[in-house]
Structures are given as C-alpha cells and as structure tokens.
Amino acid sequence: MHHFDYKDGELCAEDVSLTRLAEEVGTPYYVYSHETLTRHFRVFSEAFASVRHLICFAMKSNSNLAILRLFGAMGGGLDIVSGGELFRAAKAGMPYERIVFAGVGKSDEEIAYALEKGVLLFNVESEEELVNIGAVASRVGRQARVAIRVNPDVDPQTHPYITTGLKKSKFGIDINRAREQYRTAASLEGVEPSGVHCHIGSQITSSSPFADSVEIVARLVGELRGDGHDIRYLNLGGGLGITYHDEAPPLPSDYAAAILPKLKDLGCTLIFEPGRVITGNAGILVTRVLYGKENPEKRFVIIDAGMNDLIRPSLYQAFQDVWPVEEAARERPRHVTDLVGPVCESGDYLAKDRDLPEFYRDDLVAVMSSGAYGFTMASNYNSRPRPPEILVRGEEYHIIRERETYDDLVRGEHIPAFIEERRIP
Ligand SMILES: *Cc1c(COP(=O)(O)O)cnc(C)c1O
C-alpha cells in the first residue's frame with residue numbers, strides 16, 4: 001500500500017502534485033511518502049509486538065539520512081554492509097548498539113571501525129572472516145559479538161541474483177558445519193558468539209520458505225545452547241516481498257503468524273532486517289518524456305531517466321509499474337512500448353514490451369515501487385548527475401538530497417602536471 005494517488009486528475013505524492021514538484025525541482029526526481037514509510041515500519045514492528053525484537057532496517061535499500069533518522073526515531077536500528085554505511089548511520093544519529101554489520105567482505109579497517117563504535121553484532125559469513133574478526137578485536141582490545149550467518153538450504157523461489165540461502169550461494173556457512181564454527185568462535189579471544197543469523201533472499205512472496213528456514217535455525221539455536229553457547233539473538237534477516245505487479249506477498253502479520261509459533265519458547269531477542277518491504281512502495285521515480293520513436297518492429301518512448309538512475313529493470317529484469325502523471329492520459333490508445341533512457345546501452349530501459357498508453361513529449365511518467373534499491377543503486381554512468389530525493393509529508397515537501405551538479409561529477413579528479421603541461425594542439 002502507498003500514498004501515491006490521482007487527485008483532481010493528477011498523480012500526487014500524499015497532497016503534493018507531482019507536476020508542481022517537477023516544475024520546482026526538475027526531472028528526473030525520486031519522491032518518498034512520509035506516511036507510507038512510517039506506516040510500513042509501524043506495521044512491521046506491530047506484527048512482532050508480542051516478542052522482544054529489534055528492526056534493523058536494511059539501509060542498502062535506501063540510505064538517505066532523513067529516512068534513517070526517521071526509523072531511528074521510531075525505535076528501529078540498522079543493518080549495514082560497509083564502513084560507509086556505518087558512517088551514514090552515525091550521521092543520522094543512530095545508536096550504535098542498534099546496528100548489525102553484515103556482508104561477505106568486511107575489511108580490517110571496517111571491522112576495527114565497527115568495534116570502536118560498539119555495534120551490536122557482526123553477521124559473520126565465513127570461517128576466515130570469523131578468525132580475522134577475532135584477530136582485529138584482540139588488536140584493538142575489544143570484544144566482537146558475532147552471529148554466524150547460516151544457510152538453511154531453503155529455496156526462496158525468487159530471482160537467482162537475490163537468492164542467498166542455498167548451499168551454492170557465496171553467502172553464509174553451511175548449516176551442517178555451524179556447530180563446529182561456533183566452537184571455533186568460542187575459542188577465539190576477541191569473539192563472543194551471541195547470536196545466529198539467517199537471510200535466505202529477497203522479494204520472497206510466500207511465507208513457507210521463511211517458516212521452513214525458521215524451523216531449521218530454531219533447532220540450531222537449541223543445539224548451540226546445548227553446546228554451552230549463550231545465544232541471545234536470533235537474526236532472521238529480511239527478504240519479505242512487495243507488490244510490484246500482481247504478486248500477493250504475505251502481510252507482515254501473516255509472516256509473523258507463520259514464524260512466531262516456532263520461536264516463542266526460545267527467549268531470544270529477534271532481529272529483523274527488512275529493506276524492500278519498508279521502503280519499496282514508499283517511493284517513486286518521476287521522469288519526463290523527451291521523444292517518441294518507432295522502428296519497424298518496436299515502439300519507444302525516450303525519457304530523461306535511465307539505468308544509471310534506476311537499474312533494477314536492467315539488472316534483474318525487474319517489473320515496475322508505469323503510470324502517467326496526468327490521469328486522463330490513461331485513456332489514450334495503448335501500444336506495446338519500451339520505455340527507455342538516454343544512456344548508451346541497449347539494456348537501458350525502465351519498462352520493456354509493456355502495454356502502455358501513448359506518451360508525448362513533456363508528459364510526466366511515474367515509475368512506481370522505486371523506494372528500495374532505487375537511488376542507492378544509482379550511478380554517474382554517462383556522466384549523468386544523480387537525481388534529487390524529495391520527502392513529502394501531507395502538503396509539504398522537503399529536498400532530502402539535492403540533485404548533483406556537473407561540479408559534483410568531477411570532484412576529486414586530478415590531471416597530473418606531466419599531462420597538464422602537454423599542450424592541446
Ligand atoms: C539485502 C539484505 C537484507 C534486506 O533485504 P530485503 O529483501 O530488502 O528485505 C537484509 N539482510 C541482509 C543480510 C541483506 O543482504
């Protein structure tokens with residue numbers, strides 16, 4: 001659910017006209033709905049009200065400081081995957097003891113930085129990393145609380161690029177080797193095995209893979225306690241899917257109902273790392289039509305946003321709905337169309353072979369469900385400045401990230417003197 005609706009013939013973010021926003025901030029732009037963000041966070045949290053829990057929002061899905069701060073104010077924490085994300089978390093004022101640090105390739109500098117700040121838990125992805133975290137912790141004189149990420153080998157039935165919990169995945173440790181790994185962890189001076197982590201994939205649209213994996217990891221928690229480990233945290237990762245098209249994913253309350261009965265007696269603090277389900281449908285990308293074009297076999301609409309602004313369609317063949325900002329445009333004749341960007345790549349499209357109404361030059365087009373893995377995956381490819389991010393609340397809007405400038409594009413670049421000295425003939 002979200003708060004992007006037609007009002008008086010025009011698509012609005014809450015009570016702000018997207019046409020007016022386009023006039024005031026230019027296009028393309030990302031716009032988020034405050035009401036949708038807070039509602040999604042609240043609904044997720046309420047689903048687990050009956051148990052001790054911490055919602056560590058997966059900030060790789062949307063890392064704008066304003067949004068991180070908002071979730072912090074609502075009692076949430078963060079799931080981070082890099083030193084840069086830890087820095088952002090700090091800038092947003094997030095308490096370090098609400099941060100979990102995931103990722104297969106943490107560098108020594110990142111580990112030391114996280115230890116110095118005192119993050120809640122490291123999600124550990126390999127034996128070598130575990131041993132290294134112990135070494136870094138001993139060197140800096142800290143204790144690292146760790147949760148080993150285990151692979152329950154459950155197929156989440158989602159896109160292969162976002163499937164992470166299988167035996168063949170680069171993520172996590174085979175669950176059959178978990179007890180031995182915890183024994184290693186306990187033997188390391190700087191390491192305190194305190195939790196178990198599991199994240200099986202993303203955009204999962206049924207409860208059963210979650211229920212299956214929870215059953216497996218809950219059993220493991222029992223065994224680890226039997227082995228003498230003080231397992232206080234069970235981190236169940238993220239991955240709950242959203243409706244991009246016609247998917248009908250479980251509601252957070254359905255998800256909770258599917259897993260809580262298997263967890264109630266464990267007495268662990270439950271940690272969740274939702275990303276997409278919180279922000280995905282809380283943001284859209286608004287872009288303007290530049291040109292139309294027909295080749296013998298294809299009809300194209302060329303817009304001013306491309307794969308550098310929103311890469312999901314190109315990267316995962318992801319479907320994102322496309323709505324005209326002007327409501328009446330929905331009644332125009334429809335054609336099978338590719339909605340493509342200005343980037344010099346054939347893979348640069350936001351919608352492919354899609355049944356769309358005719359669009360004309362200067363029309364505004366909304367690419368829905370862009371609030372997660374949208375701006376955070378944007379790049380400067382083709383030297384295109386990244387778009388601004390706008391947060392709407394009722395009738396107000398706030399620019400929470402400015403549009404990049406051409407100067408931003410060349411910041412930090414230098415021409416060495418021996419090249420600069422050469423005359424341009
Ligand atoms: C990406 C990721 C998440 C968030 O996934 P969503 O599908 O956006 O909920 C959570 N945990 C880990 C470890 C991740 O890599």
Side-chain angles (χ1 to χ4, degrees), residues 37 40-41 43-45 47-48 53-63 67-68 71 76-82 85-86 89 98-106 114 119-126 129 146-152 154 156-166 169-173 195-207 209-210 213-214 217 233-244 247 249-252 255-256 259 270-283 312 315-316 318 369-377:
L37 290 166
H40 287 175
F41 190 92
V43 165
F44 198 97
S45 186
F48 295 98
H53 71 275
L54 177 63
I55 296 175
C56 291
F57 170 64
M59 69 179 274
K60 73 176 190 286
S61 70
N62 189 318
S63 60
I67 288 173
L68 305 183
F71 295 150
L78 294 173
D79 160 35
I80 65 167
V81 294
S82 71
E85 286 197 347
L86 182 53
R98 288 194 220 156
I99 294 176
V100 295
F101 190 178
V104 291
K106 304 175 192 77
V119 300
L120 178 63
L121 280 170
F122 286 85
N123 296 341
V124 176
E125 303 253 4
S126 67
E129 183 200 342
V146 305
I148 293 179
R149 176 171 178 175
V150 296
N151 275 336
V154 167
Q157 286 155 2
T158 181
H159 191 282
Y161 283 15
I162 47 179
T163 294
T164 60
L166 295 178
S169 161
K170 80 167 175 176
F171 298 99
I173 285 170
V196 172
H197 178 233
C198 171
H199 169 79
I200 57 175
S202 198
Q203 183 54 14
I204 298 168
T205 52
S206 101
S207 287
F210 290 116
S213 64
V214 160
V217 293
Y233 301 98
L234 179 54
N235 182 342
L236 295 168
L240 193 56
I242 64 171
T243 304
Y244 283 103
E247 306 92 331
L251 297 171
Y255 166 59
I259 63 171
L270 298 183
I271 298 175
F272 297 95
E273 302 171 330
R276 191 188 310 270
V277 70
I278 307 289
T279 55
N281 278 325
R312 297 188 63 260
L315 185 61
Y316 311 118
S369 311
S370 299
Y373 308 103
F375 185 88
T376 51
M377 292 179 112

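We count ligands from 1, going down the list as the structure has it; atoms in each ligand are counted the same way. All heavy atoms count here, side chains included; hydrogens, waters and symmetry mates do not. A quick note: this is a predicted structure, and the numbers were derived from the prediction, not measured.
The shortest heavy-atom distance from Asp79 to ligand 1 is under 4.0 Å. Using a 4.0 angstrom heavy-atom cutoff, Ser61 does not count as in contact with ligand 1. Heavy-atom separations between Ala372 and ligand 1 are all 4.0 Å or longer.
Close contacts of ligand 1 with Gly275, meaning ligand atoms under 4.0 Å from a residue heavy atom, involve 6 (P), 8 (O), 9 (O). For ligand 1, the atoms sitting less than 4.0 Å from at least one non-hydrogen atom of Pro274 are 9 (O), numbered in the order shown with element in parentheses. Of all atoms in ligand 1, listed by their number and element, those nearer than 4.0 Å to a heavy atom of Tyr373 are 1 (C), 4 (C), 5 (O), 6 (P), 8 (O). Those atoms of ligand 1 with a heavy atom of Glu273 less than 4.0 angstrom away are 3 (C), 4 (C), 9 (O), 10 (C), 11 (N), 12 (C), 13 (C).
For the pair Glu273 and Asn123, the minimum side-chain heavy-atom distance is below 4.5 Å. Residues Leu120 and Ile271 have side chains in contact (heavy-atom distance under 4.5 Å, counting atoms from C-beta outward). Counting heavy atoms from C-beta on, the side chains of Leu240 and Phe272 never come closer than 4.5 Å. The shortest distance between side-chain heavy atoms of Val217 and Leu236 falls below 4.5 Å. Here the side chains of Tyr373 and Gln203 are not in contact, with every heavy-atom distance at 4.5 Å or above.
Across the listed options Arg276, Arg149, Lys60, Lys60 owns the non-hydrogen atom lying nearest to atom 3 (C) of ligand 1. The residue from Ala102, Gly201, Ser202 that puts a heavy atom closest to atom 7 (O) of ligand 1 is Ser202.
Judged by the 6.0 Å distance and 45° axis criteria, Lys106 is not positioned over the aromatic ring of Phe122.
Polar contact with ligand 1: present for Gly239 (N/O pair, distance under 3.5 Å).
Note on ring orientation: taking the six-membered ring where Trp is involved, the planes of His53 and Phe48 are tilted (angle from 30° to 60°).
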